[in-house]
Amino acid sequence: MIKRLLKKLPNAKVWGTLKKNLTVLDLRLLPSDQFVLLPNTVYLTSTKNLPKPPQLTPTIIFCYGPAINFAAYGQVNAQIIYCPHLSQVQLFNLLSDILMADVRLNQQRIALNSVLFANQGLQALIDFAAQLFNNPVAVIDLQYKHLATSADFTAQSSQSQYIDAPGIHYIHKSHLTERIRNHSTPIQFFNDHLQTEVMVSAVKIDNIEVAHLIVTQTNQAFRATDLELLAYLAQLVANELQKDAVFANNKGVMYSYFLADLLSGTSTNTQDFTEFLAKQGFLLKPNLYVMVIPSGAYNNSSLSLNVIATTIHKLLAGSIFAVYKNSIVFLISKEAYHELSDYELANLKQFLTAQHLKAGISNFFTHLENTPIFYRQAVTAVRLGQNLHDPAVLFYYKDYYIFQILELLKKESGKLEYLIHPGVMLVYKYDLENQTDLLTTLREFLAHPGQPKIIADHLHIHKNTLLYRLKKIKQITNCDFTSGQDYMNCNFSLRIMMYLGMLPELSSNDSKFL
């Protein structure tokens, strides 16, 4: 109230050092014989009736009339405001109008609180705010997406869920984002693009800017208290956005919310996303991968979700990340025909192992709009790897897609064991009857063809023992493994058996079989 009033009183002079903010609830004339001043009250008096400094308690007094020596009031714990060019009636009317506006502002704040506490969501809050302002209201995130808009605001914007290209151009040309960021309070200005006055406030979560709150002067002129009401509404919008896991987890990371939106499949505006990343100095390369650490894969880590994300982000060149559905999701960008480097893989696996984390990596793709598909691939790779008790920390979908096919086949027929190659099934039965380990030998043989020393080392047997076992396997399966068809059939059969739990759990060496 006092700040607004002083703007209307450019010639007013102020003395005193009031040490606390007062909530003004009443306006009174100050009689010459009153020495007990009530709290939360603004007083109006003539200079000749102004109480002496020792009589003052923390209060605000407006005075009029002939000038006096105010030097003694310079250090009092009160505020003395002298208005030399106003009469008692003029000053009283001005104070009354502003006090009534303040009462209305407090009522509006209470009404907004009731909507927030009703838990009806952001849209309900914005719709109600538009009624209070009697003007259109919108919340727009930093990627120019409409998070919530009142009906009359939607009517004057494009039908897209994002600000249209001319609007974005105006924002850049006018340096609007920088102007908002440089003010701690809402700003008001004439918007050349919309051809009307607008008020804009930053919406912050933990002092990090995540969105902008906009009111356009469409139905009626802005009132003196509207900027203060907008500042209060911005706090409530921030509270509402914190209920959204995406905002709560991705605040402060410019690209994260947009990536999460892309993952959900609700946004197909990939050109805007690409242009936005380019402006941040991040150029997407031809080969794209999605890497996911699902919620169940980081429960055993001692680090917070955001610390995990930011640490891995530093390890992976050409990556951005978001927290989506309680999973940490990375979009990795590489040159054509390139995957993660050996250096990146070594550091990534070391970190995952140290923090007891599991991650899945999709096949590569080239079209950004397909991100949700490859996100599901990465999630599936982790799930299948864990279901198969693979001790690895990094699961590639290319190694597990066959098991997803088996899942679908099992749902359809339920009899996957009927698909096992008869020769491999005979080896399985031979092991059961003779307490041998030929099936594990076959698995190592197929995983490392033409490498008998490595196979023997993994099995901890002599090379001659290996040769004997392989001869026995060839006799039982009736396969000489001189054709790719034999390798393919037996490999597929072993994967079926692995999926059905018919093989021993994988060791760290066995996981290379995948």
Side-chain angles (χ1 to χ4, degrees), residues 119 121-122 141-143 145 147-148 203-206 208 210-211 237-267 273 288-316 319-332 348-349 351-363 365 368-390 392-397 400 403-404 407:
N119 288 319
L122 180 61
D141 72 11
L142 300 184
Q143 286 76 45
K145 180 186 176 184
L147 302 181
V203 177
K204 297 182 179 181
I205 299 176
D206 294 341
I208 296 171
V210 297
V237 169
N239 289 337
E240 193 63 49
L241 289 179
Q242 287 187 87
K243 299 175 185 177
D244 185 320
V246 173
F247 271 98
N249 290 317
N250 294 306
K251 54 185 180 291
V253 184
M254 292 289 288
Y255 48 73
S256 290
Y257 183 70
F258 206 123
L259 176 56
D261 200 31
L262 188 67
L263 288 165
S264 70
T266 58
S267 171
F273 186 30
L288 301 173
Y289 300 85
V290 174
M291 186 179 85
V292 178
I293 303 177
S295 57
Y298 60 72
N299 286 340
N300 294 325
S301 174
S302 60
L303 300 181
S304 71
L305 182 145
N306 275 308
V307 171
I308 293 170
T310 53
T311 303
I312 294 179
H313 179 237
K314 295 175 184 177
L315 300 177
L316 300 179
S319 71
I320 59 177
F321 71 88
V323 177
Y324 174 71
K325 290 186 176 179
N326 291 323
S327 295
I328 307 171
V329 184
F330 288 84
L331 180 66
I332 303 169
L348 176 60
K349 289 179 179 179
F351 178 77
L352 294 174
T353 301
Q355 295 302 323
H356 309 289
L357 301 169
K358 305 282 186 178
I361 297 184
S362 73
N363 293 342
F365 59 105
L368 205 56
E369 60 267 25
N370 291 330
T371 303
I373 298 172
F374 291 86
Y375 158 75
R376 290 191 290 272
Q377 281 191 1
V379 172
T380 299
V382 179
R383 178 178 59 80
L384 290 172
Q386 291 184 305
N387 288 348
L388 293 168
H389 306 289
D390 190 335
V393 293
L394 197 58
F395 306 99
Y396 289 88
Y397 182 75
Y400 289 91
F403 297 106
Q404 189 174 27
E407 276 189 334

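Nearest heavy atom pair, residue G360 against residue A381, reads CA-CB, 4.4 Å. The minimum heavy-atom distance linking S362 with Q377 is given by the pair CB-OE1, 3.7 Å. Closest approach of V393 to L352, counting heavy atoms only: O-CD1, 3.8 Å. Between A322 and A260 the shortest heavy-atom distance is CB-N, 4.1 Å.
Under 3.5 Å, the side chains of Y397 and Q404 contain a donor-acceptor pair of N or O atoms. Of the N and O atoms on the side chains of N363 and Y289, not one donor lies less than 3.5 Å from an acceptor on the other residue.
Residues Y375 and Y324 place their aromatic rings such that the two centres sit under 6.0 Å apart.
Distance check: L315 CG to T310 OG1 gives 10.0 Å after rounding to the nearest 0.5 Å. Expressed to the nearest 0.5 Å, how far CG of L316 lies from CE of M291 amounts to 5.0 Å. Rounded to the nearest 0.5 Å, atoms CG (L147) and NZ (K145) are 6.5 Å apart.
Residues L259 and I320 have side chains in contact (heavy-atom distance under 4.5 Å, counting atoms from C-beta outward). Taking the side chain as every heavy atom from C-beta outward, V329 and F321 never approach each other to under 4.5 Å. Contact of the F403 side chain with the T380 side chain is not registered, since no non-hydrogen atoms from C-beta on lie closer than 4.5 Å. Proximity of L394 to I361: side-chain heavy atoms (C-beta onward) are separated by under 4.5 Å at one or more points. Side-chain contact between R383 and E407 is present, with heavy atoms from C-beta onward closer than 4.5 Å. Side-chain contact check for L331 versus L368: some heavy-atom pair is nearer than 4.5 Å. Within the 4.5 Å cutoff, the side chain of V237 has heavy atoms near those of the L122 side chain. Residues T311 and K314 are not in side-chain contact: their nearest non-hydrogen atoms beyond the backbone lie 4.5 Å or more apart.
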>> The test is side-chain contact (heavy atoms from CB on, under 4.5 Å); show your working for L241 and V203 and say whether it passes.
In response: CA-CA 9 Å; L241 289 179; V203 177; 4.1 Å; yes

>> Test side-chain contact (heavy atoms from CB on, under 4.5 Å) on V382 and V292; report intermediate values, then the result.
In response: CA-CA 8 Å; V382 179; V292 178; 5.6 Å; no

>> Set out, in order, the CA-CA distance, both residues' side-chain angles and the distance that settles side-chain contact (heavy atoms from CB on, under 4.5 Å) for I293 and I312, then state yes or no.
In response: CA-CA 11 Å; I293 303 177; I312 294 179; 3.4 Å; yes

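Remark: side-chain polar atoms of K325 are not paired, donor with acceptor, to backbone N or O of S295 under 3.5 angstrom.
Aromatic ring pairs are classed by plane angle as parallel below 30°, tilted from 30° to 60° and perpendicular above 60°; the pair F395 and Y400 is perpendicular.
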